[in-house]
Amino acid sequence: MTDIFPKPELDRRTLLRRAAAVGLLATPAVGMLSACVGSSDEGTQDQATGTKSADNPLGIDPKAGVEIVIFNGGLGTDYATKVDTPLFNKKWPEAKVTYSQTEEISTVIQPRINGGNPPDMINNSGSKLMDFGAIVKAGQAADLTDLFAAPSLDIQGKTVADTLVPGAIEQGSYDGKPFAVNYSYTVFGLWYNATLFKKNSWTPPTTWAEFTALCDKMKAAGVVPFGYAGANASYYMVRAILTSAGKIGTEQVLKDIDNLKEGAWTNDAIKQAAEAWAGIGKNYINKTFLGLRHTEVQLQQNQDKVGFYPCGSWLENEQAKDTPKGFEYAIAAYPSVTAADKLPATAINAAAGEIYFAAAKGKNPQGGKEYLRTMLSKEAALEFTKLTKSLTVVAGASDGQTISPGLTSANDAVTKAGKDIFMGYLFDTWYKKLDDESRAAANDLMFKDYDAAKFCERMEKASQAVAKDSAVTKFTRS
């Protein structure tokens, strides 16, 4: 079988991993993706199948086992072991679910894909996530069209697709076909401690002038105004920059980036956003954060040493064990950069995240899809929210529930944004090399040279290199 992820040469043991795992050393079994991959029919093992019916729309073998692998990160894994698996076995009691978790998805899963024995359902996430675009190209991800067309497990009269928030299926689609469930609905913005703000009579900014003025007040009070971890969370900063660019010039700016349009990265909206954020990096960030991991900077925020932290709404759950009594997570939309921004200050980037997919060449891909159908039930989605303090793509699953301060704040931000919610970008999952470069470029912008023009030119060059590389499968969005 042709390797999807070829084994690296011995001397590559000491090379830095791709920026998907910035600052971590490569392991011998995990290498860069091959441009030449096997066909979707190559090396497929015998697979479990059953008879389709109204009660079994995906045609699973009710006695066949299902193997799942879950990323152990900010969302934890309790939702899989305490909610999804019991619900799956309630309907399919003879189907044994084999569960495992890891903090290094690529390290564990890539060799298994190369070996032709992948798990049936995989949560592809974390700093060592796999290049999902390459997985799709290699025919390793199962087409989920039948999953989304299947009836919801517990919302009568609706298909799975009917129960999801707008854009949920699109975010896991490649050239019009769905291959992933992006399950967690994430609200992105500037996170802060509402208790600290009340104590100091600070107000979340809506303009850039207000932002820098507040940063000056924080600095005077001995608080680092803004921070993120350069060692493994530079993608948080990429999203902050591009969210600002989207607010300046609308989401079309980000669609052009995804579509590898020539000149997309040198668009004035990108330049203005990069220039504004470079000023924050130059004047208001602790330079030692470049070498820290995300939990280290987040802990400093829990200690009121950091004012604003750019992140998604998984943050509150991720820090639950370290959050002191009285600390109250809240989120603010990124402030307007200019008075001429095309989207209002309340506009936010909110999108489905956390990739889950069924392996096309697993022993039981239909069982993997059925496990996903279980996750997309209203009952499973509600329990996920309770456990993780994160919303899901199942629309209205947590309506009427008492939720945490951070999630309440995120819901309020969504309400205030109204129609001005935009999905963001997809290049980070489509083109891993471009994602790698964006992370490194963001770190240089914020910690080293503060040069917006250099950032834009560097990313434009990287984008066009991908555009001209015939070995890279291209995707488009409208």
Side-chain angles (χ1 to χ4, degrees), residues 1-2 4 37-70 80 83-100 108-124 130 132 135-155 158-164 169 172-183 355-377 380:
M1 178 178 178
T2 304
I4 308 306
V37 296
S39 72
S40 60
D41 296 325
E42 184 181 313
T44 303
Q45 57 189 321
D46 290 338
Q47 296 179 325
T49 58
T51 303
K52 290 185 178 181
S53 66
D55 190 53
N56 185 10
L58 296 177
I60 76 166
D61 179 345
K63 296 182 180 181
V66 179
E67 184 185 2
I68 66 168
V69 177
I70 303 295
V83 179
D84 299 333
T85 296
L87 283 176
F88 180 89
N89 282 140
K90 183 178 179 181
K91 182 172 178 60
W92 308 106
E94 296 182 83
K96 179 183 177 182
V97 176
T98 301
Y99 157 86
S100 62
V108 173
I109 301 301
Q110 286 181 1
R112 293 191 58 180
I113 289 179
N114 280 342
N117 66 329
D120 301 306
M121 197 286 288
I122 301 159
N123 173 203
N124 184 37
M130 298 177 292
F132 194 66
I135 288 172
V136 171
K137 177 185 176 182
Q140 294 288 337
D143 185 338
L144 301 183
T145 299
D146 55 347
L147 164 65
F148 293 120
S152 165
L153 275 177
D154 58 3
I155 303 178
K158 291 189 176 183
T159 65
V160 171
D162 292 336
T163 69
L164 307 183
I169 296 176
S173 295
Y174 291 73
D175 287 339
K177 285 188 177 182
F179 291 98
V181 171
N182 289 270
Y183 189 63
I355 295 172
Y356 297 77
F357 71 99
K361 299 182 183 180
K363 292 180 180 179
N364 190 3
Q366 292 304 104
K369 293 181 190 180
E370 182 69 10
Y371 195 93
L372 292 172
R373 189 165 77 111
T374 302
M375 292 178 64
L376 292 169
S377 67

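Values reported hereafter were calculated over all heavy atoms of this structure, with side chains retained and with hydrogens, waters and symmetry mates removed.
- Remark: side-chain polar atoms of S173 are not paired, donor with acceptor, to backbone N or O of G176 under 3.5 angstrom.
- Closest of all the heavy-atom pairs between A48 and A64 is CB-CB, 3.5 Å.
- With rounding to the nearest 0.5 angstrom, the CG atom of D154 is 11.0 Å from the NZ atom of K91.
- Using modelled atom types and a 3.5 Å distance limit, the side chains of S53 and D55 yield no donor-acceptor pair.
- Remark: D61 pairs with no residue by the salt bridge (charged side-chain N to carboxylate O under 4.0 Å, His left out) rule, at least two apart or across chains.
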Please assess Q140 against M130 for the test side-chain contact (heavy atoms from CB on, under 4.5 Å), listing each intermediate value before the final yes or no. CA-CA 12 Å; Q140 294 288 337; M130 298 177 292; over 6 Å; no
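- The nearest pair of heavy atoms linking F148 to P178 is CE1-CB, 3.6 Å.
- Atoms CG and CD1, on N182 and I169 in that order, are 11.0 Å from each other to the nearest 0.5 Å.
- Between the side chain of Q366 and the backbone N or O of L58 there is at least one donor-acceptor pair closer than 3.5 Å.
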Kindly determine whether L144 and F357 satisfy side-chain contact (heavy atoms from CB on, under 4.5 Å), including the steps that lead there. CA-CA 8 Å; L144 301 183; F357 71 99; 5.6 Å; no
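- The shortest non-hydrogen separation linking R112 to P119 is NH1-CG, 3.6 Å.
- Between E370 and N364, the side chains place no donor N or O within less than 3.5 Å of an acceptor N or O (distance only, hydrogens not considered).
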Go through the steps for L153 and T374 under the test side-chain contact (heavy atoms from CB on, under 4.5 Å), then give the verdict. CA-CA 7 Å; L153 275 177; T374 302; 3.8 Å; yes
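- With sequence neighbours left out, T85 forms a side chain to side chain contact (heavy atoms under 4.5 Å, CB included) with I68, N89, V97, Y371.
- S377 and L87 get closest at one heavy-atom pair: OG-CD1, 4.4 Å.
- Between R373 and P151, some side-chain heavy-atom pair lies under the 4.5 Å cut-off.
- A donor-acceptor pair under 3.5 Å is absent between the side-chain atoms of K361 and the main chain of G139, judged by distance alone.
- L147 contributes atom CG, which lies 6.0 Å from atom CG of L372 (distance to the nearest 0.5 angstrom).
- Applying the ring pair (Phe, Tyr, Trp, His ring centres under 6.0 Å) criterion to Y183, with sequence neighbours excluded, gives Y356, F384.
- Across all their heavy atoms, A149 and T159 have their closest contact at O-CG2, 3.5 Å.
- Using modelled atom types, no side-chain atom of N114 and backbone atom of P111 make a donor-acceptor pair closer than 3.5 Å.
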Show your working on side-chain contact (heavy atoms from CB on, under 4.5 Å) between W92 and V66 and close with a plain yes or no. CA-CA 11 Å; W92 308 106; V66 179; over 6 Å; no
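- A distance of 5.0 Å separates CD1 in I122 from CD1 in I113, rounded to the nearest 0.5 Å.
- To the nearest 0.5 Å, the span separating CD1 on I355 from CZ on F179 amounts to 13.0 Å.
- Closest approach of A80 and P86 over heavy atoms only: O-CD, 4.2 Å.
- The shortest side-chain heavy-atom distance between S152 and D162 does not fall under the 4.5 Å cut-off.
- At a threshold of 4.5 Å between non-hydrogen side-chain atoms, the residues M375 and V83 do not count as touching.
- With values rounded to the nearest 0.5 angstrom, D84 atom CG is found 7.5 Å from I70 atom CD1.
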